[in-house]
Amino acid sequence: MRLAVKVGFICGLSCIMAGCHNKSSAPQAFPVDVTRIQVRDFAEVIEAEGTLINPGYIKLTPQVSGLITKVLVKEGDSVTSGQVLVVLDNAQEIAEFKTAQAQFKEADLHAKRIQWLFKKGAESKESAEEARVAAIGKKSNLVAKQEALDKRSIRSPINGIVGDLSGVNPGQYFEQGKSNFFVVNNENLSIDLSVPALQASKIKLGQQVKMLDESKNDVIGEGEIAFIPPYFESDSSNYQPLNTLRVRAVFVNEKAGLRPMQLIRSKIVIGNQRHPGVPATAVLFKAQQPYTYKLIPIQSFLKNSDVTPQQKKSMSTLPSTTLIAVNTPLKLGNLQDDYFPVVSGLTVGDLIPISGSAVLANGTPVSIRSSK
(Lines give C-alpha, C1' and ligand atoms only; values in the text may rest on other atoms or scores of the structure.)
Protein backbone atom coordinates (compact mmCIF):
# COMPACT_ATOMS: atom_id res chain seq x y z
CA MET A 1 0.00 0.00 0.00
CA ARG A 2 2.83 2.38 0.89
CA LEU A 3 4.52 1.72 -2.44
CA ALA A 4 1.25 2.20 -4.38
CA VAL A 5 0.54 5.54 -2.72
CA LYS A 6 4.10 6.67 -3.24
CA VAL A 7 4.16 5.73 -6.91
CA GLY A 8 0.74 7.30 -7.57
CA PHE A 9 1.68 10.43 -5.71
CA ILE A 10 4.93 10.84 -7.67
CA CYS A 11 3.15 10.17 -11.00
CA GLY A 12 0.48 12.71 -10.19
CA LEU A 13 2.99 15.35 -9.23
CA SER A 14 5.24 14.75 -12.23
CA CYS A 15 2.61 16.15 -14.66
CA ILE A 16 1.65 19.19 -12.65
CA MET A 17 5.14 20.28 -11.59
CA ALA A 18 6.75 20.30 -15.02
CA GLY A 19 9.00 23.34 -15.38
CA CYS A 20 9.40 23.77 -11.61
CA HIS A 21 13.08 23.60 -10.64
CA ASN A 22 12.76 24.20 -6.89
CA LYS A 23 12.37 20.73 -5.30
CA SER A 24 11.30 22.14 -1.98
CA SER A 25 8.31 24.04 -3.38
CA ALA A 26 4.76 22.72 -2.78
CA PRO A 27 3.13 20.58 -5.49
CA GLN A 28 0.56 22.35 -7.64
CA ALA A 29 -3.08 21.28 -7.58
CA PHE A 30 -4.62 19.93 -10.78
CA PRO A 31 -7.88 21.77 -11.69
CA VAL A 32 -10.95 19.55 -12.20
CA ASP A 33 -14.72 19.91 -12.54
CA VAL A 34 -16.52 18.20 -9.67
CA THR A 35 -19.91 17.05 -8.51
CA ARG A 36 -21.34 15.51 -5.34
CA ILE A 37 -22.98 12.11 -5.25
CA GLN A 38 -26.75 12.39 -4.90
CA VAL A 39 -29.55 9.89 -4.50
CA ARG A 40 -31.37 9.15 -7.74
CA ASP A 41 -34.34 7.04 -8.79
CA PHE A 42 -33.34 4.03 -10.86
CA ALA A 43 -35.96 1.98 -12.64
CA GLU A 44 -36.25 -1.71 -11.86
CA VAL A 45 -36.81 -3.32 -15.24
CA ILE A 46 -37.41 -6.62 -16.98
CA GLU A 47 -35.78 -6.82 -20.41
CA ALA A 48 -37.71 -8.58 -23.15
CA GLU A 49 -37.87 -8.82 -26.92
CA GLY A 50 -41.07 -8.64 -28.90
CA THR A 51 -42.65 -8.23 -32.31
CA LEU A 52 -44.67 -5.21 -33.29
CA ILE A 53 -48.22 -5.88 -34.41
CA ASN A 54 -50.78 -3.51 -35.82
CA PRO A 55 -54.50 -3.56 -35.02
CA GLY A 56 -54.85 -1.00 -37.82
CA TYR A 57 -53.53 -3.40 -40.48
CA ILE A 58 -56.76 -3.98 -42.41
CA LYS A 59 -57.25 -6.48 -45.21
CA LEU A 60 -59.81 -5.22 -47.70
CA THR A 61 -61.97 -7.89 -49.31
CA PRO A 62 -64.83 -7.33 -51.74
CA GLN A 63 -68.29 -8.32 -50.49
CA VAL A 64 -69.29 -9.26 -54.02
CA SER A 65 -67.49 -10.48 -57.13
CA GLY A 66 -67.06 -8.29 -60.18
CA LEU A 67 -64.79 -6.53 -62.66
CA ILE A 68 -62.85 -3.48 -61.50
CA THR A 69 -63.92 -0.36 -63.36
CA LYS A 70 -62.12 2.32 -61.31
CA VAL A 71 -59.11 2.44 -58.98
CA LEU A 72 -59.30 5.83 -57.26
CA VAL A 73 -56.07 5.69 -55.23
CA LYS A 74 -52.38 4.90 -55.64
CA GLU A 75 -50.01 2.92 -53.44
CA GLY A 76 -48.91 5.05 -50.49
CA ASP A 77 -51.87 7.44 -50.68
CA SER A 78 -53.31 8.71 -47.42
CA VAL A 79 -57.01 7.89 -47.16
CA THR A 80 -59.80 8.64 -44.70
CA SER A 81 -62.41 6.37 -43.20
CA GLY A 82 -65.27 5.81 -45.67
CA GLN A 83 -63.31 6.98 -48.71
CA VAL A 84 -64.02 4.99 -51.91
CA LEU A 85 -60.89 3.20 -53.12
CA VAL A 86 -62.07 0.79 -55.83
CA VAL A 87 -65.30 0.58 -57.86
CA LEU A 88 -66.60 -2.64 -59.43
CA ASP A 89 -68.87 -2.76 -62.47
CA ASN A 90 -72.16 -1.40 -61.19
CA ALA A 91 -74.28 -0.44 -64.20
CA GLN A 92 -77.02 -2.96 -63.33
CA GLU A 93 -77.05 -1.92 -59.67
CA ILE A 94 -77.30 1.75 -60.59
CA ALA A 95 -80.23 1.05 -62.92
CA GLU A 96 -82.02 -1.04 -60.29
CA PHE A 97 -81.41 1.62 -57.67
CA LYS A 98 -82.86 4.35 -59.88
CA THR A 99 -85.91 2.21 -60.62
CA ALA A 100 -86.43 1.51 -56.92
CA GLN A 101 -86.00 5.22 -56.20
CA ALA A 102 -88.69 6.15 -58.69
CA GLN A 103 -91.04 3.42 -57.42
CA PHE A 104 -90.66 4.57 -53.83
CA LYS A 105 -91.24 8.18 -54.77
CA GLU A 106 -94.44 7.25 -56.60
CA ALA A 107 -95.66 4.95 -53.78
CA ASP A 108 -94.89 7.56 -51.15
CA LEU A 109 -96.80 10.27 -52.98
CA HIS A 110 -99.74 7.89 -53.50
CA ALA A 111 -99.79 6.96 -49.80
CA LYS A 112 -99.76 10.63 -48.78
CA ARG A 113 -102.60 11.43 -51.21
CA ILE A 114 -104.77 8.53 -49.97
CA GLN A 115 -104.09 9.53 -46.38
CA TRP A 116 -105.22 13.11 -47.16
CA LEU A 117 -108.39 11.83 -48.84
CA PHE A 118 -109.08 9.53 -45.89
CA LYS A 119 -108.97 12.50 -43.56
CA LYS A 120 -111.44 14.26 -45.84
CA GLY A 121 -113.71 11.23 -45.80
CA ALA A 122 -113.17 10.44 -49.49
CA GLU A 123 -111.19 7.21 -48.91
CA SER A 124 -111.57 4.33 -46.50
CA LYS A 125 -109.21 3.59 -43.67
CA GLU A 126 -108.32 0.27 -45.32
CA SER A 127 -107.26 2.01 -48.54
CA ALA A 128 -105.04 4.43 -46.64
CA GLU A 129 -103.42 1.57 -44.72
CA GLU A 130 -102.81 -0.44 -47.92
CA ALA A 131 -101.15 2.55 -49.57
CA ARG A 132 -98.96 3.17 -46.49
CA VAL A 133 -97.81 -0.47 -46.37
CA ALA A 134 -97.07 -0.41 -50.11
CA ALA A 135 -94.89 2.69 -49.66
CA ILE A 136 -93.00 0.99 -46.81
CA GLY A 137 -92.35 -2.01 -49.07
CA LYS A 138 -90.99 0.24 -51.82
CA LYS A 139 -88.74 1.99 -49.29
CA SER A 140 -87.36 -1.35 -48.10
CA ASN A 141 -86.66 -2.29 -51.70
CA LEU A 142 -84.87 1.04 -52.21
CA VAL A 143 -82.67 0.42 -49.16
CA ALA A 144 -81.78 -3.05 -50.46
CA LYS A 145 -80.86 -1.65 -53.87
CA GLN A 146 -78.75 1.05 -52.18
CA GLU A 147 -76.89 -1.61 -50.20
CA ALA A 148 -76.32 -3.67 -53.35
CA LEU A 149 -74.90 -0.59 -55.08
CA ASP A 150 -72.68 0.26 -52.10
CA LYS A 151 -71.18 -3.22 -52.18
CA ARG A 152 -69.84 -2.46 -55.64
CA SER A 153 -67.54 0.15 -54.03
CA ILE A 154 -64.69 -0.81 -51.70
CA ARG A 155 -64.18 1.82 -49.01
CA SER A 156 -61.44 2.33 -46.45
CA PRO A 157 -62.67 1.42 -42.94
CA ILE A 158 -59.96 3.54 -41.28
CA ASN A 159 -57.73 6.54 -41.75
CA GLY A 160 -54.47 5.16 -43.09
CA ILE A 161 -52.08 4.50 -45.95
CA VAL A 162 -52.86 2.37 -49.01
CA GLY A 163 -50.59 -0.68 -49.29
CA ASP A 164 -49.48 -2.74 -52.28
CA LEU A 165 -51.96 -2.57 -55.16
CA SER A 166 -50.42 -5.31 -57.31
CA GLY A 167 -53.22 -7.03 -59.19
CA VAL A 168 -55.68 -4.21 -58.52
CA ASN A 169 -56.27 -2.63 -61.92
CA PRO A 170 -59.29 -1.75 -64.08
CA GLY A 171 -60.49 -4.77 -66.01
CA GLN A 172 -59.30 -7.30 -63.45
CA TYR A 173 -61.77 -9.56 -61.67
CA PHE A 174 -62.31 -9.33 -57.92
CA GLU A 175 -63.59 -12.50 -56.27
CA GLN A 176 -65.89 -12.18 -53.30
CA GLY A 177 -64.24 -12.67 -49.91
CA LYS A 178 -60.67 -12.90 -51.17
CA SER A 179 -58.14 -10.43 -49.80
CA ASN A 180 -56.53 -8.24 -52.43
CA PHE A 181 -54.90 -5.26 -50.68
CA PHE A 182 -54.45 -3.47 -47.38
CA VAL A 183 -54.92 -0.13 -45.70
CA VAL A 184 -52.49 0.43 -42.85
CA ASN A 185 -52.52 2.88 -39.97
CA ASN A 186 -49.26 2.69 -38.01
CA GLU A 187 -50.16 5.45 -35.55
CA ASN A 188 -51.18 3.00 -32.85
CA LEU A 189 -49.15 -0.18 -32.53
CA SER A 190 -48.89 -3.06 -30.10
CA ILE A 191 -45.91 -5.16 -29.11
CA ASP A 192 -46.04 -8.74 -27.82
CA LEU A 193 -43.29 -9.36 -25.26
CA SER A 194 -42.15 -12.76 -23.97
CA VAL A 195 -41.42 -12.61 -20.23
CA PRO A 196 -39.74 -15.53 -18.39
CA ALA A 197 -42.12 -17.42 -16.12
CA LEU A 198 -40.07 -16.61 -13.01
CA GLN A 199 -40.68 -12.89 -13.60
CA ALA A 200 -44.29 -13.17 -14.78
CA SER A 201 -45.76 -12.37 -11.35
CA LYS A 202 -44.06 -8.95 -11.45
CA ILE A 203 -45.96 -7.84 -14.56
CA LYS A 204 -48.97 -5.58 -13.93
CA LEU A 205 -51.42 -3.76 -16.18
CA GLY A 206 -50.39 -0.16 -16.85
CA GLN A 207 -46.65 -0.69 -16.30
CA GLN A 208 -44.45 1.46 -18.52
CA VAL A 209 -42.67 -0.17 -21.45
CA LYS A 210 -39.69 1.45 -23.16
CA MET A 211 -38.67 0.34 -26.65
CA LEU A 212 -34.99 0.69 -27.45
CA ASP A 213 -32.97 1.43 -30.56
CA GLU A 214 -30.69 -1.55 -31.18
CA SER A 215 -27.66 0.47 -32.23
CA LYS A 216 -27.72 3.43 -29.82
CA ASN A 217 -29.71 1.97 -26.91
CA ASP A 218 -31.89 5.11 -27.04
CA VAL A 219 -35.58 5.02 -26.15
CA ILE A 220 -37.54 5.23 -29.42
CA GLY A 221 -41.04 4.60 -28.09
CA GLU A 222 -42.96 4.30 -24.84
CA GLY A 223 -46.18 2.48 -24.03
CA GLU A 224 -47.84 0.49 -21.28
CA ILE A 225 -48.90 -3.07 -20.55
CA ALA A 226 -52.49 -3.50 -21.77
CA PHE A 227 -53.01 -7.28 -21.72
CA ILE A 228 -51.72 -10.11 -19.55
CA PRO A 229 -52.97 -13.54 -20.68
CA PRO A 230 -54.11 -16.11 -18.09
CA TYR A 231 -51.84 -18.75 -19.64
CA PHE A 232 -48.22 -19.29 -20.66
CA GLU A 233 -46.95 -19.61 -24.22
CA SER A 234 -46.62 -22.90 -26.04
CA ASP A 235 -44.84 -23.95 -29.21
CA SER A 236 -47.48 -23.87 -31.95
CA SER A 237 -45.80 -26.72 -33.84
CA ASN A 238 -45.86 -29.30 -31.04
CA TYR A 239 -47.83 -27.55 -28.27
CA GLN A 240 -44.93 -27.85 -25.85
CA PRO A 241 -44.84 -25.19 -23.09
CA LEU A 242 -42.22 -22.46 -23.53
CA ASN A 243 -42.29 -21.33 -19.89
CA THR A 244 -42.78 -17.72 -20.96
CA LEU A 245 -45.67 -15.29 -20.68
CA ARG A 246 -46.51 -13.25 -23.79
CA VAL A 247 -47.84 -9.88 -22.63
CA ARG A 248 -49.01 -7.05 -24.83
CA ALA A 249 -48.13 -3.38 -24.63
CA VAL A 250 -49.75 -0.58 -26.63
CA PHE A 251 -48.19 2.71 -27.65
CA VAL A 252 -48.62 5.66 -29.97
CA ASN A 253 -46.24 5.42 -32.90
CA GLU A 254 -46.45 9.14 -33.65
CA LYS A 255 -42.72 9.91 -33.83
CA ALA A 256 -40.95 6.58 -33.59
CA GLY A 257 -41.61 5.57 -37.21
CA LEU A 258 -41.80 1.86 -36.31
CA ARG A 259 -43.45 -0.74 -38.53
CA PRO A 260 -45.44 -3.94 -37.95
CA MET A 261 -43.48 -7.22 -37.68
CA GLN A 262 -40.37 -5.33 -36.53
CA LEU A 263 -38.41 -7.07 -33.74
CA ILE A 264 -37.86 -4.66 -30.85
CA ARG A 265 -35.86 -4.90 -27.62
CA SER A 266 -37.81 -3.44 -24.72
CA LYS A 267 -37.69 -2.77 -21.00
CA ILE A 268 -40.73 -3.24 -18.77
CA VAL A 269 -40.50 -0.88 -15.79
CA ILE A 270 -41.77 -2.83 -12.78
CA GLY A 271 -40.67 -0.41 -10.06
CA ASN A 272 -38.12 2.15 -8.89
CA GLN A 273 -35.22 1.94 -6.46
CA ARG A 274 -33.23 4.79 -4.93
CA HIS A 275 -29.44 4.56 -5.02
CA PRO A 276 -26.52 6.98 -4.96
CA GLY A 277 -25.90 7.82 -8.62
CA VAL A 278 -22.51 8.40 -10.23
CA PRO A 279 -22.25 10.08 -13.66
CA ALA A 280 -20.93 7.80 -16.37
CA THR A 281 -18.29 10.44 -17.22
CA ALA A 282 -16.77 10.02 -13.75
CA VAL A 283 -16.30 6.25 -13.98
CA LEU A 284 -13.03 4.71 -15.18
CA PHE A 285 -12.28 1.05 -15.87
CA LYS A 286 -9.18 -1.03 -15.31
CA ALA A 287 -9.27 -4.71 -16.24
CA GLN A 288 -13.07 -4.24 -16.58
CA GLN A 289 -13.30 -3.18 -12.94
CA PRO A 290 -14.92 0.25 -12.38
CA TYR A 291 -13.34 2.88 -10.17
CA THR A 292 -13.27 6.63 -9.69
CA TYR A 293 -11.43 9.18 -7.56
CA LYS A 294 -13.00 10.42 -4.37
CA LEU A 295 -11.81 13.90 -3.41
CA ILE A 296 -11.08 14.27 0.30
CA PRO A 297 -9.56 17.13 2.38
CA ILE A 298 -5.78 17.04 2.62
CA GLN A 299 -5.93 16.74 6.42
CA SER A 300 -7.98 13.53 6.13
CA PHE A 301 -5.61 12.14 3.53
CA LEU A 302 -2.50 12.83 5.62
CA LYS A 303 -4.16 11.45 8.72
CA ASN A 304 -5.64 8.26 7.32
CA SER A 305 -3.38 7.36 4.40
CA ASP A 306 -0.06 5.60 4.55
CA VAL A 307 2.28 8.36 3.35
CA THR A 308 5.99 8.77 3.92
CA PRO A 309 7.36 11.61 6.08
CA GLN A 310 8.87 13.16 2.93
CA GLN A 311 5.49 13.15 1.18
CA LYS A 312 3.82 14.52 4.29
CA LYS A 313 6.36 17.34 4.51
CA SER A 314 5.91 18.24 0.82
CA MET A 315 2.12 18.18 1.01
CA SER A 316 1.93 20.04 4.30
CA THR A 317 2.85 23.23 2.45
CA LEU A 318 -0.37 23.01 0.42
CA PRO A 319 -3.33 25.18 1.47
CA SER A 320 -5.64 23.56 4.00
CA THR A 321 -8.47 23.75 1.47
CA THR A 322 -6.63 21.45 -0.95
CA LEU A 323 -8.37 18.24 -1.96
CA ILE A 324 -6.62 14.94 -2.67
CA ALA A 325 -7.74 12.34 -5.23
CA VAL A 326 -8.12 8.88 -3.73
CA ASN A 327 -8.54 5.85 -5.99
CA THR A 328 -11.91 4.29 -5.08
CA PRO A 329 -13.07 0.89 -6.45
CA LEU A 330 -16.78 0.75 -7.28
CA LYS A 331 -19.54 -1.80 -7.55
CA LEU A 332 -22.21 -0.54 -9.93
CA GLY A 333 -25.62 -1.46 -11.31
CA ASN A 334 -26.73 -1.05 -14.94
CA LEU A 335 -26.37 2.32 -16.64
CA GLN A 336 -29.58 4.37 -16.83
CA ASP A 337 -29.86 7.86 -18.30
CA ASP A 338 -26.05 8.38 -18.15
CA TYR A 339 -25.84 7.43 -14.46
CA PHE A 340 -24.75 4.23 -12.71
CA PRO A 341 -26.45 3.19 -9.45
CA VAL A 342 -23.73 2.79 -6.83
CA VAL A 343 -23.91 -0.48 -4.90
CA SER A 344 -20.70 0.18 -2.98
CA GLY A 345 -17.67 2.49 -3.01
CA LEU A 346 -19.36 5.89 -2.72
CA THR A 347 -21.99 7.43 -0.48
CA VAL A 348 -24.29 10.41 -0.77
CA GLY A 349 -22.33 13.66 -0.47
CA ASP A 350 -18.99 12.30 -1.67
CA LEU A 351 -17.13 14.69 -3.97
CA ILE A 352 -15.80 13.27 -7.25
CA PRO A 353 -14.19 14.70 -10.40
CA ILE A 354 -16.20 14.61 -13.63
CA SER A 355 -13.36 15.84 -15.84
CA GLY A 356 -9.65 15.20 -15.88
CA SER A 357 -9.96 11.85 -14.07
CA ALA A 358 -7.89 10.03 -16.68
CA VAL A 359 -4.72 11.98 -15.76
CA LEU A 360 -5.17 11.72 -12.00
CA ALA A 361 -3.40 9.24 -9.75
CA ASN A 362 -3.90 8.17 -6.19
CA GLY A 363 -2.72 11.07 -3.98
CA THR A 364 -2.84 13.81 -6.64
CA PRO A 365 -3.72 17.27 -5.21
CA VAL A 366 -6.64 18.88 -7.06
CA SER A 367 -8.43 22.21 -7.10
CA ILE A 368 -12.05 22.81 -8.02
CA ARG A 369 -12.47 24.52 -11.36
CA SER A 370 -16.27 24.29 -11.35
CA SER A 371 -18.94 22.40 -9.44
CA LYS A 372 -22.07 20.85 -10.96
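Everything numeric in this text was worked out from a predicted model, so none of it was measured.
- Using a 4.0 Å cut-off between charged side-chain N and carboxylate O, Asp350 and Arg36 make no salt bridge.
- With Thr51 contributing its side chain and Gln262 its backbone, the two residues share no donor-acceptor pair below 3.5 Å.
- Side-chain atoms of Ile268 and Leu193, non-hydrogen and from C-beta on, do get closer than 4.5 Å to each other.
- Within the 4.5 Å cutoff, side-chain heavy atoms of Leu212 are placed close to those of Val219.
- The distance from atom CD of Gln336 to atom NE2 of His275, rounded to the nearest 0.5 Å, is 9.0 Å.
- The two residues Leu360 and Pro353 come nearest to each other via the heavy atoms CD1-CG, 4.0 Å.
- For the pair Ser300 (side chain) and Ile296 (backbone), a donor-acceptor distance under 3.5 Å is absent.
- Gln208 and Glu222 are linked by a side-chain donor-acceptor pair at a separation below 3.5 angstrom, with hydrogens and angles left out of the test.
- The minimum heavy-atom distance linking Pro365 with Ile324 is given by the pair CA-CD1, 3.8 Å.
- Ile58 is connected to Val86 through a chain of hydrophobic side-chain contacts under 4.5 Å among Ile, Leu, Val, Met, Phe, Trp and Tyr, so both are in one cluster.
- Leu85 places none of its side-chain heavy atoms less than 4.5 Å from the side chain of Val168.
- Other residues, nucleotides and ligands contribute at most 12 non-hydrogen atoms within 6.0 Å of the CG atom of Asn243.
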Practice item. Output, in order, the C-alpha distance, side-chain angles, deciding distance and verdict of side-chain contact (heavy atoms from CB on, under 4.5 Å) for Ile154 and Phe181. Key: CA-CA 11 Å; Ile154 301 174; Phe181 63 103; 4.2 Å; yes
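- With values rounded to the nearest 0.5 angstrom, Arg369 atom CZ is found 4.5 Å from Asp33 atom CG.
- A 6.0 Å sphere centred on CG of Asn334 holds no more than 12 heavy atoms belonging to other residues, nucleotides or ligands.
- Residue Phe42 is not grouped with residue Ile46 when hydrophobic side chains (ILVMFWY) are merged at heavy-atom distances under 4.5 angstrom, including chains of intermediate members.
- Counting heavy atoms from C-beta on, the side chains of Phe301 and Val326 come closer than 4.5 Å.
- Checked by atom type, the side-chain pair Asn253/Asn188 shows no donor-acceptor distance below 3.5 Å.
- More than 12 heavy atoms of other shown residues, nucleotides or ligands fall within 6.0 angstrom of atom CG in Asp150.
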Practice item. Carefully, step by step, assess Leu332 and Val342 under the rule side-chain contact (heavy atoms from CB on, under 4.5 Å). Key: CA-CA 5 Å; Leu332 306 174; Val342 179; 4.1 Å; yes
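- Under the 3.5 Å distance criterion, the side-chain polar atoms of Asn362 are matched with a main-chain donor or acceptor of Asn327.
- Side chains of Asp89 and Thr69: a donor-acceptor N/O pair is absent below 3.5 angstrom, by distance only.
- Judged by distance alone, with hydrogens and angles left aside, the side-chain atoms of Thr292 form a donor-acceptor pair with the main-chain N or O of Ala282 at under 3.5 Å.
- Looking at every heavy atom in both residues, Phe118 comes nearest to Ser124 through CD1-C, 3.6 Å.
- Remark: Gln38 CD is loosely packed, at most 12 non-hydrogen atoms of other residues, nucleotides or ligands lying under 6.0 Å away.
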Practice item. Could you please spell out the steps behind the side-chain contact (heavy atoms from CB on, under 4.5 Å) verdict for Lys138 and Leu142? Key: CA-CA 6 Å; Lys138 296 300 182 182; Leu142 175 61; over 6 Å; no
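- Between the side chain of Tyr293 and the backbone N or O of Ser357 there is no donor-acceptor pair closer than 3.5 Å.
- Taking 4.5 Å as the limit, every side-chain heavy atom of Lys294 sits out of range of all side-chain heavy atoms of Leu351.
- Salt bridge status for Arg265 with Glu49: absent, with no side-chain N to carboxylate O gap under 4.0 Å.
- Of the possible polar contacts, none joining the Gln199 side chain to the Pro196 backbone as a donor-acceptor pair under 3.5 Å is found.
- Atom CG in Leu205 sits 8.5 Å away from atom CD in Gln207 (nearest 0.5 Å).
- Here the CZ-NZ distance, from Phe104 to Lys145, works out to 16.0 Å after rounding to the nearest 0.5 Å.
- Taking NZ from Lys74 and CG from Asp77, the interatomic distance works out to 4.5 Å, rounded to the nearest 0.5 Å.
- Of the possible polar contacts, one joining the Asn54 side chain to the Asn185 backbone as a donor-acceptor pair under 3.5 Å is found.
- The cluster map of Ile, Leu, Val, Met, Phe, Trp and Tyr, joined by side-chain heavy atoms under 4.5 Å apart, puts Ile225 and Met211 in the same cluster.
- Within 6.0 Å of CD on Glu106 lie no more than 12 heavy atoms contributed by other residues, nucleotides or ligands.
- At least one side-chain heavy atom of Glu233 sits under 4.5 Å from a side-chain heavy atom of Ser194.
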Exercise for review: Test side-chain contact (heavy atoms from CB on, under 4.5 Å) on Thr61 and Lys178 and set out the steps.
Suggested key: CA-CA 5 Å; Thr61 58; Lys178 290 193 175 181; 6.0 Å; no
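- Judged purely by atom type and a 3.5 angstrom limit, Glu44 has no side-chain atom pairing as donor or acceptor with the backbone of Ile270.
- The closest side-chain heavy-atom distance from Leu330 to Leu346 is below 4.5 Å.
- Annotation: side chain of Ser320 is in contact with side chain of Gln299 (closest heavy-atom distance under 4.5 Å).
- In this structure, CZ on Arg132 lies 12.0 Å from CG on Asp108, to the nearest 0.5 angstrom.
- Cluster annotation: Leu189 and Ile161 are assigned to distinct hydrophobic clusters (Ile/Leu/Val/Met/Phe/Trp/Tyr, side-chain heavy-atom contacts under 4.5 Å, transitive).
- Under the 3.5 Å distance criterion, the side-chain polar atoms of Asn159 are matched with a main-chain donor or acceptor of Ser81.
- Leu88 and Leu60 fall within a single hydrophobic cluster, where Ile, Leu, Val, Met, Phe, Trp and Tyr are joined by side-chain heavy atoms under 4.5 Å apart, directly or via other members.
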